[in-house]
Amino acid sequence: MDTKTDSGVKRPAAEAASSVAPAGATVDLAALRAEIDRIDAGMHALLIERGEIIDRLVEVKRSRGAEGGSAFRPAREASMMRHIVDRHRGILPLDTVEGIWRVIISTFTYVQAPYAVHADLATGEAAMRDTARFHFGFTVPFVAHMGASGVVAAVAGSKGDLGLVPAFAAPATGAWWTALESESAPKIIARLPFVERADHPAGLPVFCIAHPVTDGAVTEVETWSLHVAGWTAQAARALAPLAEVLAVPDRSLDGAALLASIPLGGEVGLDTVLAALRASGASVRSAALVGSHASRYTHPPQPEPAHPAAKG
Ligand SMILES: C=C(O[C@@H]1C=C(C(=O)O)C=C[C@H]1O)C(=O)O
């Protein structure tokens, strides 16, 4: 007996049936594949419709005189990503869902206003590339730099590009954030991943920098560039419980350049951090706000995907 496939090609029934499907399941399989085709066509149509809404959004932004720089809106993106992971259920791994939406959002941001992503590869190329591609996809151009200061300079000289620099202490990076101190310099606008978890496939913590955001900035955590003299182990210990701090010691001055991340509206403010530094014997030469980002949002690690069929 022959059977007719979706494409109209005739082939033997035995070959058409899956090798694991019991005899007689062919029709069900074809029906399920028809369902999958219907869902795929629906999802594609929805993406096309999303693009039409983005077109209208661009018009509204233009009519409101939005600046011509990056269309990236950190507060909106952080909130969307939280909602997506919170409502997810079913067998599709969360990593996949998050990755799909990062590509959707980043690419629609790109079609609104083209931008490139500049990334500092000095602390390791593979992890940083994975991070950039996971969060921004493959349509947004990727520009590699060997050092964070090159990333800051590229963003400063661009119209609306984004930069990715490590959000962890790494000897190779230097105190790149001091280049963000002047008012018109780029600022930290986000910390990625938006949703953190121990087993994140692109979990390298990075700061995203861009021209100062005038619309849609998020200020849950402020990032301060501090210059201190008298930087000692005691001063470092005093700060550890108060704020997340990146420190680059400046041996010639017995001081350090610090990048302190301080949640707004919490018990510990900038004043608390400065007071702790002074109490430890350090003196604070300057403090400049160099950006802000959404508070870190943590999700528990995901269980291994276990399809019912795999359980035997
Ligand atoms: C759509 C907007 O622009 C960008 C694209 C987004 C998207 O595609 O969902 C979300 C936030 C912005 O980074 C917006 O400002 O809402």
Side-chain angles (χ1 to χ4, degrees), residues 40 42-88 92 94-119 131-143 151 154-156 158-165 167 186-196 200 202 205-221 223 291-297 299:
D40 283 353
M43 289 196 302
H44 193 178
L46 286 172
L47 282 174
I48 292 166
E49 190 184 343
R50 195 184 200 279
E52 288 159 7
I53 302 287
I54 292 282
D55 271 345
R56 287 166 55 194
L57 181 132
V58 170
E59 285 307 311
V60 173
K61 281 186 179 176
R62 241 181 235 139
S63 69
R64 291 184 178 175
E67 81 267 48
S70 172
F72 184 90
R73 296 292 176 268
R76 169 86 177 130
E77 294 208 10
S79 136
M80 290 169 82
M81 295 316 300
R82 290 173 185 185
H83 283 122
I84 287 162
V85 300
D86 285 349
R87 74 178 175 230
H88 184 59
L92 189 63
L94 178 61
D95 297 342
T96 311
V97 175
E98 186 189 7
I100 289 170
W101 258 277
R102 286 306 311 147
V103 171
I104 289 175
I105 294 173
S106 295
T107 312
F108 276 117
T109 306
Y110 177 77
V111 300
Q112 285 183 57
Y115 64 96
V117 169
H118 301 266
T131 288
R133 293 311 194 186
F134 182 89
H135 294 294
F136 297 96
F138 282 87
T139 305
V140 177
F142 173 87
V143 186
V151 172
V155 171
S158 76
K159 197 169 170 217
D161 290 356
L162 302 179
L164 300 181
V165 288
K187 296 285 172 281
I188 292 169
I189 63 159
R191 183 190 160 108
L192 302 174
F194 284 119
V195 180
E196 301 181 24
H200 197 295
V206 294
F207 286 123
C208 181
I209 64 166
H211 284 302
V213 175
T214 52
D215 172 24
V218 59
T219 54
E220 288 165 357
V221 177
T223 49
S292 58
H293 60 78
S295 33
R296 293 172 61 180
Y297 190 72
H299 199 274

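One-based numbering, in listed order, for ligands and for the atoms of each.
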Taking only heavy atoms of [X], which atoms of ligand 1 are found under 4.0 Å from at least one of them?
X	value
Q112	1 (C), 2 (C), 3 (O), 4 (C), 5 (C)
F108	8 (O)
M80	9 (O), 10 (C)
E77	11 (C), 12 (C), 13 (O)
F72	13 (O)
A71	3 (O), 4 (C), 12 (C), 13 (O)
I54	1 (C), 8 (O)

**Report entry** Separation between CD1 of I54 and CD of E59, rounded to the nearest 0.5 Å
**Finding:**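 One finds 12.5 Å between CD1 of I54 and CD of E59.
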
So which heavy atom in the protein is nearest [atom], and how far is it from that ligand atom?
atom	value
atom 9 (O) of ligand 1	R50 NH2, 2.7 Å
atom 5 (C) of ligand 1	T109 OG1, 3.1 Å
atom 15 (O) of ligand 1	K61 NZ, 2.7 Å
atom 16 (O) of ligand 1	L57 CD1, 3.8 Å

Query raised in the report: Mind checking whether I189 and L162 have side chains closer than 4.5 Å, heavy atoms only?
Result: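 They are in side-chain contact.
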
Query - Close side-chain approach of H135 and M81, heavy atoms under 4.5 Å - result: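 The answer is no, as the side chains (C-beta and beyond) never meet within the 4.5 Å cut-off.
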
Query raised in the report: Is the number of heavy atoms from other residues, nucleotides or ligands under 6.0 Å of R76 CZ greater than 12?
Result: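 Atom CZ in R76 is not crowded, with 12 or fewer foreign heavy atoms closer than 6.0 Å.
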
Query raised in the report: Any donor and acceptor pair, going by atom type alone, linking the side chain of T109 with main-chain N or O of A71 inside 3.5 Å?
Result: no

Query raised in the report: Does any N or O in the side chain of H299 come within less than 3.5 Å of the main-chain N or O of R82, such that one atom is a donor and the other an acceptor?
Result: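 Not confirmed, H299 side chain does not pair with R82 backbone.
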
Report task. May I ask you to decide if the ring planes of F72 and F136 are parallel, tilted or perpendicular, using 30° and 60° as cut-offs? Result ->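 Taking F136 first and then F72, their aromatic rings sit tilted (interplane angle of 30° to 60°).
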
Query raised in the report: Is the F207 ring parallel, tilted or perpendicular to the H293 ring (thresholds 30°, 60°)?
Result: tilted

Query raised in the report: Salt bridge check: are E196 and R191 linked by an N-O gap of less than 4.0 Å?
Result: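 The answer is yes: the pair qualifies as a salt bridge.
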
Query - Nearest neighbour of atom 6 (C) of ligand 1 from the list I105, I53, V111, I104, on a heavy-atom basis - result: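 Ranked by closest heavy atom to atom 6 (C) of ligand 1, first place is I105.
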
Query raised in the report: Which one holds for R73 and ligand 1: side chain close, backbone close, both close, or neither close, with close meaning a heavy atom under 4.0 Å?
Result: both

